[in-house]
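Okay, so here's the structure we're looking at.
No hydrogens, no waters, no symmetry mates; every other heavy atom, side chains included, goes into these values.
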Amino acid sequence: ARNDTAGFQNGEFLGDGGNNGSHIGYFAAGPTQSLIENSDFSGWDEGVRVFGTGMSIISSTFEHNGIGLNGGVDSDGNPWILRASTMTNLTFSDNDIGIQLVIGANDSLSNSQITGSTNAPSGQSSIGLYAKYIQQSQVTGLQVSGSYSNSAVQIDSGATNDSFHANTVTNSNPTGKAWNIAANLP
């Protein structure tokens with residue numbers, strides 16, 4: 001489903017694991033001003049892909065997706081800013097990547113749980129939260145646990161002027177890291 005300005009509650013988006021065209025459960029583009037609340041995304045290459053301004057995703061679950069939430073990516077897969085958006089009280093489990101924020105600014109991610117496992121579509125979750133290029137954003141009350149082949153949280157060098165507070169991050173996979181933060185960040 002694609003929406004530019006919409007709101008919905010209690011939606012159930014069931015894909016077939018990327019087979020037969022189940023690639024994106026919900027796609028919001030441009031000046032979104034959209035709301036997703038109390039919804040479930042399961043079995044997609046990407047549960048939600050969003051870019052633009054004003055997206056609110058609240059009290060929803062993402063399970064067994066390639067990427068649960070893919071923020072800051074346009075319809076062609078190119079980086080495009082996700083701005084002034086709120087993601088709160090979310091639950092991610094058994095995804096290859098729970099949340100990927102490719103490019104964003106002034107976003108808030110709070111009070112959410114990400115759990116990695118060997119039940120992910122690829123056979124092992126890779127990353128819980130992957131922040132590539134985010135600025136002036138806030139991550140609070142995040143709980144990342146379970147098993148990740150790469151890292152529970154990865155923050156690339158493009159992430160600047162962000163705040164991370166009151167987060168609990170662990171990785172039970174001995175070959176992965178809990179935090180993987182670019183060397184040049186303060």
Side-chain angles (χ1 to χ4, degrees), residues 15 17-19 22-25 41-51 57 60-74 76-82 85 87-88 90-105 107-135 137-186:
N19 300 320
S22 290
H23 300 294
I24 300 174
F41 299 86
S42 179
W44 299 93
D45 287 342
E46 299 173 41
V48 170
R49 181 190 288 186
V50 61
F51 72 95
I57 306 173
S60 294
T61 59
F62 301 78
E63 62 249 343
H64 207 69
N65 299 292
I67 300 172
L69 170 59
N70 199 8
V73 179
D74 71 10
D76 295 321
N78 299 310
W80 193 273
I81 197 163
L82 175 64
S85 295
M87 298 149 276
T88 190
L90 305 176
T91 302
F92 297 83
S93 58
D94 304 333
N95 298 288
D96 291 332
I97 297 174
I99 304 170
Q100 178 171 263
L101 298 175
V102 176
I103 184 169
D107 296 317
S108 173
L109 172 61
S110 64
N111 303 323
S112 295
Q113 298 178 354
I114 306 173
T115 306
S117 76
T118 56
N119 294 322
S122 67
Q124 172 63 69
S125 296
S126 174
I127 301 172
L129 168 63
Y130 189 6
K132 292 185 177 185
Y133 189 90
I134 61 171
Q135 295 185 337
S137 295
Q138 184 173 19
V139 179
T140 58
L142 188 67
Q143 295 191 17
V144 185
S145 62
S147 175
Y148 301 92
S149 60
N150 184 330
S151 57
V153 174
Q154 181 167 330
I155 304 170
D156 286 356
S157 61
T160 58
N161 298 319
D162 301 301
S163 64
F164 289 77
H165 296 287
N167 300 299
T168 304
V169 178
T170 62
N171 186 355
S172 63
N173 187 326
T175 64
K177 298 178 180 181
W179 291 89
N180 185 5
I181 302 173
N184 62 334
L185 293 178

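- Between atom CG of residue Leu90 and atom CD1 of residue Ile114 there is a gap of 8.5 Å, rounded to the nearest 0.5 Å.
- Going from atom CG of Asp45 over to atom CD1 of Ile24 covers 8.0 Å, rounded to the nearest 0.5 Å.
- Residue Thr160 holds its OG1 atom at 6.0 Å from OH of Tyr133, rounded to the nearest 0.5 Å.
- Two residues are said to be in side-chain contact when any heavy atoms from C-beta on lie closer than 4.5 Å; Leu82 and Ile103 fail this criterion.
- Looking at Asn65, its side chain does come within 3.5 Å of a backbone N or O of Trp44 through a donor-acceptor pair.
- The side chain to side chain donor-acceptor pair (under 3.5 Å) test applied to Thr168 returns no partner, not counting sequence neighbours.
- For the atom pair Leu101 CG and Ile134 CD1, the distance stands at 6.0 Å (nearest 0.5 Å).
- Gln113 contributes atom CD, which lies 7.5 Å from atom OG of Ser145 (distance to the nearest 0.5 angstrom).
- No hydrogens or angles considered: a donor-acceptor pair under 3.5 Å links the side chains of Gln154 and Asp156.
- The line from OG1 of Thr91 to CD of Gln143 is 10.0 Å long, rounded to the nearest 0.5 Å.
- Across every non-hydrogen atom of Ser163 and His165, the tightest pair is CB-NE2, 3.4 Å.
- Looking at Lys177 and Trp179, their side chains never come closer than 4.5 Å, going by heavy atoms from C-beta outward.
- Residues Thr170 and Ala152 share a closest heavy-atom pair of O-CB, 3.5 Å.
- Summarising the geometry of Arg49 relative to Asp74, their closest heavy-atom pair is NH1-O, 2.7 Å, with the distance given to 0.1 Å.
- A donor-acceptor pair under 3.5 Å is formed between the side chain of Asn173 and the backbone N or O of Thr175.
- Contact annotation: the side chain of Ile99 approaches that of Leu109 to within less than 4.5 Å [non-hydrogen atoms, C-beta and beyond].
- Between Phe164 and Asn167, the shortest heavy-atom contact is C-ND2, 3.5 Å.
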- Verify side chain to side chain contact (heavy atoms under 4.5 Å, CB included) between Val153 and Asn180, making sure each step is shown before the conclusion. CA-CA 6 Å; Val153 174; Asn180 185 5; over 6 Å; no
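- Checked against side chain to side chain donor-acceptor pair (under 3.5 Å), Ser110 has the following partners two or more places apart in sequence or in another chain: Thr88.
- A donor-acceptor contact shorter than 3.5 Å links the side chain of Ser137 to the backbone of Asp107.
- Nearest heavy-atom pair across Asp94 and Pro121 is O-CD, 3.4 Å.
- Asn150 approaches Asn171 most closely through the heavy-atom pair O-ND2, 4.4 Å.
- No option in Val48, Leu69, Asn95 other than Val48 meets the side-chain contact (heavy atoms from CB on, under 4.5 Å) test with Phe41.
- Gln138 and Ser108 share no donor-acceptor pair across their side chains, judged by distance under 3.5 Å alone.
- Using a 30° and 60° split on the angle between ring planes, Trp80 and Phe51 fall in the perpendicular class, above 60°.
- For the side chain to side chain donor-acceptor pair (under 3.5 Å) test, residues two or more places apart in sequence or in another chain that qualify with Ser147 are Gln124.
- Between the side chains of Asn70 and Glu46, a donor-acceptor pair is found at a separation under 3.5 Å.
- Of the candidates Ser125, Ser126, Ser117, Ser172, Ser125 is the only one forming a side-chain contact (heavy atoms from CB on, under 4.5 Å) with Tyr148.
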